[in-house]
2 protein chains.
Amino acid sequence: MKLDERHLVQLAAVVQAGGVTEGAAMLGLTQPALSRTLSMLEKRLGEPLFLKGRRPLQPTPLGRALADHGQAMLVASRKASTLVERFRQGRTGVVRVGGTPFFMDALISGMIAEFQNGSPDVRIDQSYGYLPDLREALNADRIDLAICPIDILDEGSGMHFKEILPGRNVVACRATHPLLLKRKLDARELLDYPWIAPPPGSPLLADLRSLALSLGATEIKIRYAGGSLTSAVNYMKASDALTVLPHSVVFAFRNEKAITALPVNIPHPERALGLLRRTDDLRAPAVEAFSAHVGRSFENLRHLIKRHEQAIVWGM
Amino acid sequence: MKLDERHLVQLAAVVQAGGVTEGAAMLGLTQPALSRTLSMLEKRLGEPLFLKGRRPLQPTPLGRALADHGQAMLVASRKASTLVERFRQGRTGVVRVGGTPFFMDALISGMIAEFQNGSPDVRIDQSYGYLPDLREALNADRIDLAICPIDILDEGSGMHFKEILPGRNVVACRATHPLLLKRKLDARELLDYPWIAPPPGSPLLADLRSLALSLGATEIKIRYAGGSLTSAVNYMKASDALTVLPHSVVFAFRNEKAITALPVNIPHPERALGLLRRTDDLRAPAVEAFSAHVGRSFENLRHLIKRHEQAIVWGM
DNA sequence: AATTAATATAACAATCTGCTATGAAATTGG
DNA sequence: CCAATTTCATAGCAGATTGTTATATTAATT
């Protein structure tokens, strides 16, 4: 005997509400609609679901038992409804985000935490990679969103890119670095210190090379390579080593007062940090919401940086 | 967003089966029917439920989550179906049975246990009463079935009566009663011993009075009254007291060898034990099954009694 | 590139759903 | 005990939904 799920739900509503009229109200139906469903059910089952001629409507044992199952369905139905609702608002779901390690570690991880304060039911799956990997991952639908620096010319090819922070690199060092004491800093003095190489594949590695080139050096003293951001920072804290980092990454460490940027201008790349997504992706709302959050966070960050720099200037 | 329960069930089937075609088979539908349901769901939700252009069909996170709820409904639906099935076969449900205390305690309770060995999901609610109460309870739908002795003339009035055992009373005593030793027993000797009165309201009480009358006694020595069957039997075991009991009740105690019937014939009442039900009751299958079981059990009992008596005769 | 298997679409008949209007029955209050 | 009121049942109808078969697309396989 196959039973229509809807019928059981309606039965449950009637039993729970204690009457056809109230049950109908609970479901947003009219009373005759429900009444008919009950009649049909009873006719098909060949068994009464309610004691006839008694008014507070009283279910038979069978009626009550079936209503229990209907209740389970009703509950599942409600859960499904709220699930959809929340999903639509981007308040539930999964966002698979990939990005370059330094940005992810220094900035995005914190933004994820903030985002989840407001949307605790959105899970974030983070992965690391550089542009080619991320592009590939997007195309293979292994991630929904990539956060990475991209050469500004590099567009098209089924991807949508949204710039969230202009590219700007600095030379980072520990806050107690000897070069910071100099009145006027000659860029060529940088070559006297050991360097930390950014991870292979990182655009920063290319930036470091072009920096060296612009300083007229054929070679720089790479002392340490392959470490994550935390490793690089820790290494810097304990040495006079220098490295090239995005300004925003150094800025993110400002409160620790352990590392800082040297006051030298270095060529800034024709590159900007941004959000990369497939254009044909039917963006899930949670992805949309997270992207918007990241966008807003970086906007705040830009303002923070601007105010911070003005303060520095005033302070000088 | 209200979702059609049926749609979620279908979604669950597709996700569980891993494909539209197999999901359709699982539900006993055709593939296009399911396919359309999925399209409609996606259109209404505005969200994809499956990754497009991938085969084996793979659900999106939302699709999977909704399918989980659908699965819950599917489970509830199946349970409801088997519930109905079993209910129809009388293998589940509630039977409210009322009866006279002695028969219930001596015979019916055991039959209930036997019945439930085959139908463990049928609950039996037992209550006690004599004919007027039972009639009333049947009419008020407090019980489904009454088991009690009824005067054979007494019929009609919206009730259906099925005789299951002819009325036959005996005088019961303990197995070691002195009267059992007599070669020839004069009925008037019964008056020399103390008696246990059946409970007030019991037809046995009337039978006891008419017995006394037939023995020419104006009065009999009532020593004990008001006890249940167990009490009466225990009292008998420890004394020379006599009482009037239905033969079948005494027979039910035959294995204990503690009480027995005196070999005297006493007037048997124009009364029979039977099943009483309302004629207009849309007999639930469980009630039907239980009634049938009780009927069969008493039939067995009749044969048992017959064989037992023949054995006794041969043994004499 | 051809074949195969699976999914999507189309068209149509039957059913079902919901509604409004109205009748019947049971409870409530005098 | 009867009238008023509330609640449930029934009827009729328009529109939505369901299922079917036949056929077109699409992805995987060889």
Side-chain angles (χ1 to χ4, degrees), chain A residues 1-45 47-60 63 67 70 73-74 77 139-141 280 282, chain B residues 1-45 47-60 63 67 70 73-74 77 139-141 280 282:
Chain A
M1 183 84 206
K2 199 186 129 236
L3 296 163
D4 191 326
E5 287 78 19
R6 181 182 312 187
H7 294 167
L8 292 182
V9 167
Q10 295 185 351
L11 171 64
V14 171
V15 169
Q16 198 193 328
V20 180
T21 307
E22 294 140 58
M26 169 182 298
L27 291 174
L29 297 180
T30 56
Q31 168 267 319
L34 258 192
S35 184
R36 185 175 46 184
T37 297
L38 297 180
S39 306
M40 282 186 54
L41 252 181
E42 291 188 332
K43 199 159 77 183
R44 288 189 192 175
L45 292 174
E47 306 284 343
L49 296 171
F50 291 92
L51 302 181
K52 300 299 164 184
R54 297 270 161 213
R55 205 111 83 173
L57 216 52
Q58 221 175 336
T60 62
M73 295 186 196
L74 191 62
S77 186
N139 270 322
D141 196 33
D280 64 345
L282 317 110
Chain B
M1 182 84 207
K2 197 185 133 240
L3 296 163
D4 191 325
E5 288 79 20
R6 180 181 313 183
H7 294 166
L8 291 182
V9 167
Q10 295 185 352
L11 171 65
V14 171
V15 169
Q16 198 193 328
V20 180
T21 307
E22 295 139 59
M26 170 183 298
L27 291 173
L29 298 181
T30 56
Q31 168 266 321
L34 258 193
S35 185
R36 185 175 49 185
T37 297
L38 296 180
S39 307
M40 282 187 54
L41 251 182
E42 291 188 332
K43 199 159 80 185
R44 288 190 191 171
L45 292 175
E47 307 284 345
L49 295 171
F50 291 91
L51 301 181
K52 299 299 164 184
R54 299 265 163 218
R55 209 124 68 182
L57 218 52
Q58 220 174 337
T60 62
M73 295 185 196
L74 191 63
S77 186
N139 270 323
D141 197 33
D280 64 345
L282 317 110

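Basis for what follows: all heavy atoms, side chains included, without hydrogens, waters or symmetry-related copies. Per chain, numbering begins at 1; letters A, B, ... match sequence-line order.
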Distance test, side-chain N/O of B:Gln10 to OP1/OP2 of D:dG19, below 4.0 Å: yes
Rounded distance (Å) that lies between atom P of C:dT17 and atom CD of B:Glu5: 12 Å
Spacing of B:Thr37 atom OG1 and B:Asp4 atom CG [to the nearest 0.5 Å]: 8.5 Å
Between CZ on residue B:Arg36 and NZ on residue B:Lys43, distance to nearest 0.5 Å: 11.0 Å
Any A:Arg36 side-chain nitrogen or oxygen under 4.0 Å from OP1 or OP2 of C:dT20: no
Interatomic distance where CG belongs to B:Leu49 and C1' belongs to C:dA8 [whole Å]: 15 Å
Short side-chain to backbone donor-acceptor contact, A:Ser77 and B:Glu5, under 3.5 Å: no
Toward the 5' end of DNA chain D, by each residue's nearest nucleotide, B:Thr37 or A:Leu38: A:Leu38
Rounded distance (Å) that lies between atom P of D:dT7 and atom CG of A:Leu57: 12 Å
Whole angstrom value for the distance that separates P of D:dT7 from CD of A:Gln58: 17 Å
Options D:dG19, C:dT17, D:dC8, nucleotide nearest the side-chain atoms of A:Met40: C:dT17
Sugar-phosphate only, base, or nothing, as touched by A:Ser35 at under 4.0 Å among non-hydrogen atoms: base
Separation of B:Lys2 NZ from B:Arg44 CZ (nearest 0.5 Å): 9.0 Å
Sorted by number, the residues of residues 24-33 of chain B with heavy-atom contact under 4.0 Å to DNA chain D: B:Leu29, B:Thr30, B:Pro32, B:Ala33
Note, A:Glu22 side chain near A:Met26 side chain (heavy atom, < 4.5 Å): no
Heavy-atom check, side chain of A:Gln10 versus side chain of A:Leu29, under 4.5 Å: yes
B:Arg6 CZ to C:dT15 P, straight-line distance once rounded to whole Å: 14 Å
Separation of C:dT15 P from A:Arg44 CZ (nearest whole Å): 11 Å
Backbone N/O of B:Leu49 and side chain of B:Glu42: donor-acceptor pair under 3.5 Å: yes
Gap between atoms CG and P, on B:Leu51 and D:dT26 respectively (whole Å): 18 Å
N/O (side chain, A:Thr21) to phosphate O (OP1/OP2, D:dT6) under 4.0 Å: no
Integer-rounded Å distance: D:dT20 C1' and B:Leu34 CG: 13 Å
Phosphate OP1/OP2 of C:dC16 contacted by A:His7 side-chain N/O (<4.0 Å): no
